[in-house]
Amino acid sequence: MSQLRSLAGALRSSSQWMRGHVGRRVFDPRRNCSSGAAEPSLAACSSSYVVEMYYAWLEDHKNVHESWDAYFRNAQASGSEATGEKRLSALLQGRAMSQTPAMSEKVVEDHLAVHTLIRAYQVRGHHVARLDPLGILTADLDSFYFYVLPLTTFIGGNESTLPLREIIHRLETSYCGHTGVEFMFINNMEQCQWIRQKFETPGIMTFSDREKRTLLARLVRSTRFEDFLARKWSSEKRFGLEGCEVLIPALKMIIDKSSEAGVESVIMGMPHRGRLNVLANVVRKDLDQIFCQFDPKLEAADEGSGDVKYHLGMYHERINRETDKNITLSLMANPSHLEAVDPVVQGKTKAEQFYRGDTEGRRVMSILMHGDAAFAGQGVVYETFHLSELPSYTTHGTIHVVVNNQIGFTTDPRMARSSPYPTDVARVVNAPIFHVNADDPEAVMYVCKVAAEWRNTFNKDVVIDLVCYRRFGHNEMDEPMFTQPLMYKQIRKQEHVLKKYADKLISEGVVTLQEFEVCVSLYGNLITVCCFPDFFKPDGEPKSMSCPSTGLNEEVLRHIGEVASSVPLKDFAIHSGLSRILRGRADMVAKRTMDWALAEYVAFGSLLKDGIHVRLSGQDVERGTFSHRHHVLHDQEVDKRFCIPMNHLWLNQALYTVCNSSLSEYGVLGFELGFAMASPNALVCWEAQFGDFQNTAQCIIDQFISAGQAKWVRHNGIVLLLPHGMEGMGPEHSSARPERFLQMSKDDPDRYPEFTGDFEVQQLYDCNWIVVNCSTPANYFHVLRRQILLPFRKPLIIFTPKSLLRLPEARSSFDEMITGTKFLRIIPDGGPASKHPEKVKRVIFCTGKVYYELAKERKRLKLEEDVAIVRLEQISPFPFDLIKAEVEKYSNAELIWCQEEHKNMGYYDYIRPRFLTVHSKNPIWYVGRDPAAAPATGNKFTHLAELKRFLDTAFNLEAFKGRSF
């Protein structure tokens with residue numbers, strides 16, 4: 001701080017420096033302009049700098065470098081003196097005070113020094129702002145440099161001139177009080193000017209008595225809620241808000257101002273700290289529902305395994321009391337994996353904006369709350385920020401609120417991050433950052449008001465850094481003095497913010513002591529989930545337990561196939577290679593057949609016809625990783641002209657959205673999961689570039705997709721398309737790790753399910769997700785359509801093919817997709833073996849691509865009558881009923897499970913106990929690759945040798961004779 005103040009003294013000596021250099025003065029070339037021999041460019045220079053040089057030149061041509069002297073002489077000589085004077089005077093437009101050519105050097109230098117001083121406060125003032133209520137945060141002033149750049153400021157208000165002492169006072173008030181503003185990195189002059197005006201205008205941070213009383217009442221609710229829980233359940237973990245009680249009035253201010261601007265729905269995500277308080281005092285969840293999570297004598301009515309109280313979410317619609325408008329508040333449930341909920345919130349926000357037709361984010365917005373350590377440390381924060389301005393992912397501005405406890409569990413910031421602030425990641429998207437001392441409630445309210453106005457004005461992200469402290473340890477049972485003794489000695493001396501603010505208002509005469517005590521007692525006396533409405537019955541059960549046929553009328557199949565084979569726009573030049581692909585599609589339609597790409601096209605198109613929005617997202621999905629999809633056509637002659645034929649199928653169809661994502665799995669899958677939460681009447685698909693890469697998003701899969709319904713009673717119909725198959729492409733381009741998905745499937749391997757009614761649908765309803773590996777385009781088509789036609793929603797995991805995309809044998813006839821057909825959970829053998837099942841010596845069960853390699857080898861060996869091959873298309877939930885029928889059909893045959901994956905991977909560990917449950921008398925032998933650490937070899941020769949080895953075993957009818965299982 002002393003360095004800032006000492007600059008004022010330097011101003012007095014500036015003229016002495018000038019006098020010592022007059023006659024040989026050369027302006028510093030580092031001040032934005034080159035002072036070399038080449039003629040300088042006015043466009044490349046600071047206009048105020050050029051103006052000052054011009055006036056110095058008018059006084060004495062020797063005051064400037066000879067290059068500038070030549071420039072100004074040429075400017076005058078290029079036309080009449082009046083013309084030259086007019087050209088140079090254009091530089092003066094916008095100056096606040098009139099100048100004369102006779103201005104002294106001292107005046108010029110003094111003004112430049114003031115310009116520099118104000119610029120210094122704007123750029124670096126946040127470093128010396130009084131942000132820390134504990135007083136333990138020290139500023140680094142060693143890097144406090146000053147730069148001479150063009151100046152605009154609002155500190156004068158309506159005054160055009162101010163004494164230096166007043167300038168310094170106003171700058172300290174604006175930038176070095178209880179708020180610190182980071183914004184000078186933003187490369188947009190309008191946005192910088194807007195922020196300057198909000199923080200520099202004299203007297204702008206004032207509140208009416210009514211606003212102060214409202215703030216006090218909200219602070220009472222926030223503080224008293226935590227006090228009540230601490231007294232009532234003193235030995236329970238609750239991750240209270242003590243030390244940052246101002247978060248509740250802060251959120252309510254953001255919501256009030258956003259509602260005032262027209263926002264109707266706010267979707268929030270936050271970590272565990274303060275969640276119960278937010279649920280009670282912001283979202284307004286019934287208190288008895290919160291308290292039953294603490295008291296074992298009170299029972300919650302929700303189904304499922306449940307989750308701890310500080311992970312649960314809430315959806316509530318109410319009247320905003322400040323604006324008298326309806327507003328919907330949704331707090332997303334989340335796991336302990338910090339920041340994992342961020343992209344999920346953004347996806348749900350985007351979906352609500354989409355369904356409301358809110359193309360600019362005026363009606364739906366998101367608020368994300370963060371902890372300081374997680375905001376700086378978790379990579380998904382960065383991934384989420386980078387989605388913020390992508391056309392298919394933007395939510396038109398998110399307000400981020402960082403609860404900056406200045407500690408992460410037991411780790412000091414100096415050990416937890418390399419950046420000065422935990423919020424520095426937000427600078428990558430030019431988001432302004434407002435640091436504020438959380439022990440100054442009015443400063444916090446003002447910053448929140450400005451943040452809401454920023455989001456409404458510019459539709460961009462903004463960050464509020466609430467610099468606070470954690471009154472207790474990581475949780476209420478934790479002892480922080482072990483690791484932060486000095487910090488917690490200071491915290492224990494710290495006066496509660498409610499008392500500080502109440503005393504302030506009482507001293508100002510805004511409230512009386514009696515009024516304050518009544519407010520506290522009233523809230524003390526007061527203390528003594530919506531999912532797909534209209535889709536389910538009032539009791540939450542499906543409206544039916546059956547699924548209609550997923551087949552289509554042949555005319556619909558043909559119509560969609562014809563559109564997929566054409567370009568619906570005139571004068572649209574497509575690539576010659578794409579012309580061949582479209583001709584190939586037209587030929588397939590004429591022959592009543594479909595490959596994988598066309599079957600997917602027809603599935604999507606038919607759902608669009610029925611008003612179902614289809615969204616496909618992921619890396620390179622528009623073309624397809626394997627250049628098979630081509631859902632977006634690009635004009636080869638006109639830049640940025642493209643066409644999506646699927647949006648030209650029907651007159652009143654739903655919209656098809658296909659969008660290449662950023663190079664992110666964690667963030668984008670979370671986003672699409674959130675999008676799928678918003679409506680059951682949408683098919684939302686995320687495709688991995690290769691299935692191997694899904695493990696980068698393992699947190700979303702484990703915490704949200706697999707267990708989301710059990711923990712939070714939330715149905716979700718998201719579809720994961722995971723390219724999978726051993727094709728010699730190496731260990732990172734072969735396996736989608738099916739064993740991991742199957743391990744998390746909850747069906748009991750040792751119990752044969754007994755259902756009344758539709759066995760298939762009942763089994764799907766009981767599972768946590770559906771895992772399939774389709775071997776035909778027709779089955780892929782049916783499973784996509786079944787996902788929407790089911791009377792409930794479950795996540796669908798599809799292991800999609802790579803080489804099968806172009807395999808001639810892997811095509812389906814229209815007859816497998818017409819009205820009356822449906823998804824086949826298994827595909828029985830249809831060859832000679834099935835005609836005389838009693839003579840069959842071996843039945844090979846398999847799934848996916850390996851079927852075609854087995855069928856080819858069986859044909860080569862002429863074993864079609866001796867060996868039957870049965871394809872398991874739906875792996876989980878396991879089709880006990882159909883497998884039992886097949887085993888009984890081939891009662892004399894030996895049972896084999898064949899897979900191309902290694903033995904410790906793939907499907908064998910999942911199917912083996914279930915086969916024994918179906919038929920305990922017959923063992924099911926394993927044929928496939930040996931156990932391995934890596935999912936595939938990187939050597940093509942080794943890959944082919946492994947394939948030959950297990951194919952030989954699969955058809956060696958003596959391979960298991962004499963062996964015990």
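If you're wondering where the values come from, they're calculated on a predicted model, not measured in any experiment.
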K.L.:
Ring centroid separation for Tyr907 and Phe845, is it under 6.0 angstrom?
P.N.:
no
K.L.:
Check whether any side-chain N or O of Asn660 sits under 3.5 Å from a backbone N or O of Glu622 as a donor-acceptor pair, and report yes or no.
P.N.:
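Flag set: sc Asn660 to bb Glu622 pair under 3.5 Å.
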K.L.:
Is the shortest side-chain N to carboxylate O distance from Lys348 to Glu672 below 4.0 Å?
P.N.:
no
K.L.:
Name the one of Gln698, Gln619, Gln694, Gln689 that satisfies side-chain hydrogen bond (donor to acceptor under 3.5 Å, both in side chains) with Glu665?
P.N.:
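Of all the options given, the one that passes is Gln619.
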K.L.:
In terms of ring plane angle, is the pair His613 and Phe675 parallel, tilted or perpendicular, where the classes change at 30° and 60°?
P.N.:
tilted
K.L.:
Give a yes-or-no answer on whether the side chains of Ser734 and Glu727 include a donor-acceptor pair shorter than 3.5 Å.
P.N.:
no
K.L.:
Take the angle between the ring planes of Phe741 and Phe799 and call it parallel below 30°, perpendicular above 60°, tilted in between.
P.N.:
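Geometry flag for Phe799 against Phe741: perpendicular rings.
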K.L.:
Will you find, in the side chains of Tyr780 and Glu600, an N or O donor that is under 3.5 Å from an N or O acceptor?
P.N.:
yes
K.L.:
Would the distance check show the side chain of Tyr910 and the main-chain N or O of Pro749 forming a donor-acceptor pair, the cut-off being under 3.5 Å?
P.N.:
no
K.L.:
Test of understanding: with salt bridge (Lys or Arg N to Asp or Glu O under 4.0 Å), list the residues that count as partners of Asp587, not counting sequence neighbours.
P.N.:
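For Asp587 the salt bridge (Lys or Arg N to Asp or Glu O under 4.0 Å) partners, ignoring immediate neighbours, are Lys591.
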K.L.:
Can you list every pair that meets salt bridge (charged side-chain N to carboxylate O under 4.0 Å, His left out) and has a residue in residues 548-566, with sequence neighbours left out?
P.N.:
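Residue pairs passing salt bridge (charged side-chain N to carboxylate O under 4.0 Å, His left out), neighbours aside: Glu554-Arg558, Glu554-Arg592.
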K.L.:
With distance as the sole test, does Lys350 use its side chain to make a donor-acceptor pair with the main-chain N or O of Thr394 at under 3.5 Å?
P.N.:
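Yes.
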K.L.:
List the residues meeting salt bridge (Lys or Arg N to Asp or Glu O under 4.0 Å) with Glu900, not counting sequence neighbours, and say none if there are none.
P.N.:
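In terms of salt bridge (Lys or Arg N to Asp or Glu O under 4.0 Å), with neighbours along the sequence ignored, Glu900 is linked to Lys849.
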